[in-house]
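Just below is one structure, and these are the notes that go with it.
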Amino acid sequence: MSKPLSDHDRRKQISVRGLAGVENVSDLKQNFNRHLHFTLVKDRNVATRRDYYFALAHTVRDHLIGRWIRTQQYYYEKDPKRVYYLSLEFYMGRTLQNTMVNLGLENACDEAMYQLGLEMEELEDMEEDAGLGNGGLGRLAACFLDSMASLGLAAYGYGIRYEFGIFNQKIVNGWQVEEADDWLRYGNPWEKARPEYMRPVHFYGRTEHHPDGVKWVDTQVVLALPYDTPVPGYRNNIVNTMRLWSAKAPCDFNLKDFNVGGYIQAVLDRNLAENISRVLYPNDNFFEGKELRLKQEYFVVSATLQDIIRRFKVSKFGSREIARTDFSKLPDKVAIQLNDTHPAMAIPELMRVLVDEEKLNWETAWDICVRTCAYTNHTVLPEALERWPVELFAHLLPRHLEIVYEINRRHLEVIAAKYPGDVDRLRRMSLIEEGGQKRINMAHLCIVGAHAVNGVAQIHSDILKATVFKDFYEMEPHKFQNKTNGITPRRWLVMCNPGLAEAIAERIGEDFIRDLDQLRNLVKFVNDEAFIRDIAKVKQENKMKFAVHLEEHYKVKINPNSMFDIQVKRIHEYKRQLLNCLHIITYYNRIKKDPNKQWTPRTVMIGGKAAPGYHTAKMIIRLITAIGEVVNNDPVVGDRLKVIFLENYRVTLAEKAIPAADLSEQISTAGTEASGTGNMKFMLNGALTIGTMDGANVEMAEEAGEGNLFIFGMRVDDVEALDNRGYHAEEYYNRLPELKQAIDQIAGGFFSELCYSPVMLLFDYIKCQEKVNALYKNPKEWTKKVIYNIAGCGKFSSDRTIAQYAREIWGVEPTLEKIPAPDDKH
C-alpha cells in the first residue's frame with residue numbers, strides 16, 4: 001500500500017483549490033517577505049506565528065485590492081440598481097481561507113508557505129473569528145454577501161463594527177461562563193477605515209414645527225466612522241463591500257457646556273457616545289427593550305441612509321458633484337432589505353430625510369419609501385418580536401415618533417375605509433399597542449412600510465399568513481412571499497470539506513460550485529460501488545481529524561467508528577436540546593441494563609451558547625455536562641456511548657464539526673424554527689438528518705425524498721390541536737416507564753440538579769433513533785441515503801435564495817459573467 005499522503009500533499013492534489021503556477025508561487029513568496037519586512041517590521045529571526053499570519057493575510061489582501069477598486073469603478077460607470085442589505089449582525093467567521101478559495105489562490109499560497117517552511121493550517125488558526133452575530137440570522141447575512149458578490153449584484157452589507165462580538169464561552173465546573181470577545185486586540189487586516197465618509201447621527205432633542213416644515217433641534221451628535229471589508233465573489237473578479245459603522249464622539253463632545261474644571265471629565269465622557277458600537281447584544285430570538293440597543297438600531301440606519309442617499313445623488317466614479325436630485329427615481333436605483341425588524345427604523349428615517357430635509361410631500365415620500373424597502377421576518381416566537389415603549393422612543397427619537405404616529409394614522413384610515421366598523425381589526429393592526437405601557441410594534445411598521453414581506457422557509461411563510469400577520473395578509477396579499485434560506489457552498493463545502501468537494505468534482509465536474517443544482521447528477525452514482533466507497537472514505541477521514549481535535553481539547557478518547565451524533569445551535573427551549581438529553585439517558589440506561597448486546601456505538605456532541613440572562617438555557621448546558629460526567633466515566637458503557645459538550649461553538653468550530661457528522665439533530669417543535677440553516681450544512685456535508693417537520697426540514701425531505709431522512713413527531717396542526725386540548729406532562733410521564741426513569745434520574749440529582757421540563761414525544765423520538773441505529777449497522781445503505789441527501793442539496797444554496805430575492809423583490813438580474821481582472825489588458 002502507498003503511504004498515506006501528508007496534509008500538504010493532499011491539499012496540493014485537490015483541483016478545486018486552484019493552480020499553483022511557478023510565477024504565482026514566487027510572487028506570493030516575494031510579497032509575503034515584503035509584508036513581513038515593511039508592514040510588520042519583523043525579520044525571520046523575531047517573527048512569531050501571528051506575524052506570519054498577518055504577512056500572509058496582507059499578501060492575499062493585495063490580490064483583492066485591484067479587483068475591489070475595479071468593481072466599484074465598474075458600478076459607477078454602469079450605474080446599476082444597488083442593493084443594501086441592512087443587518088445588526090454579520091457572523092463572518094474567518095476570512096483568509098474563504099478569500100483564497102474565492103480567488104483561486106489556495107494551492108499557490110499553500111505551496112508558497114510550504115517552500116518558506118511554514119504550515120498553512122497553523123497560520124490559518126491564528127485568525128480570530130469575526131463573531132458579529134448570534135446564530136442563524138447573522139450567519140445568513142454573511143452567506144448572502146458571498147452569494148450577492150458571486151452573482152454579480154451591486155450589493156452592500158451595512159451593519160455595526162462591534163468592538164466585542166458574541167462572548168467566548170468557557171465551561172467551568174460544568175457551567176457556562178462568558179468572556180469578552182476582544183477580537184480586534186491584534187488588529188484586523190481585512191478592514192479599511194474610511195474617515196473621509198464619517199457621518200453625524202443625531203439623538204434626543206425636540207422638534208419644532210414651522211410653516212416650511214419640521215426641524216429636529218438640540219440633538220446630541222455621535223459620529224459614525226465606516227470600516228470597509230472586501231467581499232469577493234467566486235472567481236468572477238467582483239469584490240463587493242461590507243461597511244460597518246463604529247461610533248466616535250465629536251471633538252466638541254460635552255465641551256460646549258463644560259464648567260471650570262469639567263474639561264477632563266468631558267473628555268472621559270466621550271466613552272458614553274462611543275459605547276454605541278461597543279458590544280453585540282447576545283440574545284437570539286429574544287427581545288430585550290434596552291435604550292442602548294435602540295440607539296444601535298438607529299445608529300446603523302441613520303449612517304447607512306446618509307450613505308445611500310449620497311451615493312444615489314452622485315453618479316460618476318470619484319465625483320462628489322451632485323448629479324441626481326429627482327427622488328422619484330430612488331426605487332429604480334436603490335433596494336433596501338431589512339434583515340428582521342432590527343433595522344426597521346430605516347422606514348421612519350427615510351421618511352424624515354425625504355419630507356424634512358428634501359422637502360417632498362408626504363404622499364410622494366411614502367410611495368418612494370414603500371417601493372424601496374422590503375422586510376424579512378425571521379421568527380414567530382412572541383418573545384422575539386420587537387415592541388419598543390413609546391416613552392423611550394419619545395425621549396431618544398422624538399421626530400421619528402411623530403412620523404410613526406402619522407404613518408399609523410394614515411394606515412388606520414385605510415383599514416377603517418376597507419373594513420368599516422371593525423374596531424377590533426383596527427386594534428390588532430395598529431402600529432401602536434395600547435394598554436398598560438404603549439408600545440410600537442416594529443413588525444407592523446415593517447409590513448406597512450415595505451412592498452415585500454417574506455418568511456424564510458415555506459412552512460414559516462405559510463404560518464405568517466395564517467396566524468401572526470393574518471390581518472395584513474388579508475388586506476395586502478400581494479406583499480407576502482417566501483424565500484427559503486440557503487448557505488454558501490464555497491465556505492460550507494469547498495472550504496470546509498475539500499475531500500468531499502473533490503470526490504463530487506471527479507464525477508460531475510466543478511461547475512456545481514456556482515450552480516449547486518448540478519448535484520442532482522449524483523443520483524446516477526447512487527449504486528456506484530467506487531463512489532459509495534469514496535464518500536464513506538471522506539467521511540471517515542473527516543471523523544478521524546475531528547476526533548484528534550476533540551481528544552486534544554477534551555481529553556476524552558473518541559471511538560472514530562462510532563456514529564457522530566451532533567446537535568449544534570443556540571441553546572433554547574424550542575430547539576429541544578432537552579429531548580436529546582432524554583434520549584441519551586434512555587440509551588445509557590438500556591446499555592447498562594443489557595451490556596452484552598451489540599449496541600450501535602455513538603458519540604453524542606451538543607454545542608451552542610446560552611444567552612447570559614437565560615437561566616433555563618444555562619441549566620440545560622449544566623445537564624448536558626453532568627450527563628457527560630456520568631456516561632464518560634462508566635466502564636460498563638466503555639466507548640459505546642460518549643457525551644461531549646462542544647465548548648464555544650462558533651463558525652470556525654462548525655467548519656470542523658459539520659464535515660465529521662453522521663447524524664444531524666434538527667428536533668425543534670413543529671412551527672417554531674423559522675427555517676434553520678445548520679440543517680442544510682449537515683445535509684451538504686454528508687450527514688443524515690433526524691428531525692421534525694419544521695422549518696426547512698420540510699423542504700429537505702421533499703428534495704431528498706422523505707425516506708432518506710428520519711422524520712418523527714407532530715406536524716404543525718397536531719401541535720396546535722394539542723395546545724387547544726391542553727398538554728399534561730404527567731400523563732406522558734406516567735405512561736412511559738423509560739421517560740419516568742430518565743426524569744427521575746435528573747430530578748434525583750443522578751445527572752444534575754435540573755428540574756423536570758416537559759417533553760411529550762420522547763417515545764416517538766426514541767423509536768426513530770432505533771431506526772437510525774439499525775441503518776448505521778449497514779454502512780452501504782447508510783451511504784446511499786447520504787448520496788441522495790447530497791444530491792438533493794441544490795435548492796439550499798444561498799445563490800438560489802439570492803437569485804429569488806433579486807428577481808422577485810429587488811428587481812435586478814443576477815449574472816454569472818466575470819468582469820475583467822485588473823491585470824487584463826482589454
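Heavy atoms only: backbone and side chains are in, while hydrogens, waters and symmetry mates are out.
Looking at Asn237, Val239, Leu64 one by one, the single match for side-chain contact (heavy atoms from CB on, under 4.5 Å) with Thr71 turns out to be Val239. Remark: of the listed residues Lys418, Arg428, Arg425, Arg425 is the sole one forming a salt bridge (charged side-chain N to carboxylate O under 4.0 Å, His left out) with Glu474.
For the pair Arg82 and Tyr76, the cation sits on the ring face: its NZ or CZ lies under 6.0 Å from the ring centre, inside 45° of the axis. The cationic atom of Arg311 (NZ for Lys, CZ for Arg) lies less than 6.0 Å from the six-membered ring centre of Tyr156 and within 45° of the ring axis.
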Chi angles and distances behind the salt bridge (Lys or Arg N to Asp or Glu O under 4.0 Å) call for Arg324, Asp79: CA-CA 12 Å; Arg324 215 187 258 127; Asp79 192 31; 2.3 Å; yes
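Atom CD of Glu363 has more than 12 neighbouring heavy atoms from other residues, nucleotides or ligands inside a 6.0 Å radius. The neighbour count for Glu391 CD, taken as heavy atoms of other residues, nucleotides or ligands under 6.0 Å away, does not exceed 12. For Lys465, the NZ atom counts as densely surrounded, since its 6.0 Å shell holds more than 12 non-hydrogen atoms of other residues, nucleotides or ligands. Heavy atoms from other residues, nucleotides or ligands lying under 6.0 Å from NZ of Lys359 number more than 12.
For Trp388 and Phe287, the gap between ring centers is short of 6.0 Å.
The pair Arg427-Asp471 does not meet the salt-bridge criterion, since no charged nitrogen lies less than 4.0 angstrom from a carboxylate oxygen.
Under the ring-ring contact (aromatic ring centres under 6.0 Å, His included) criterion, Phe469 pairs with no residue at all, not counting sequence neighbours.
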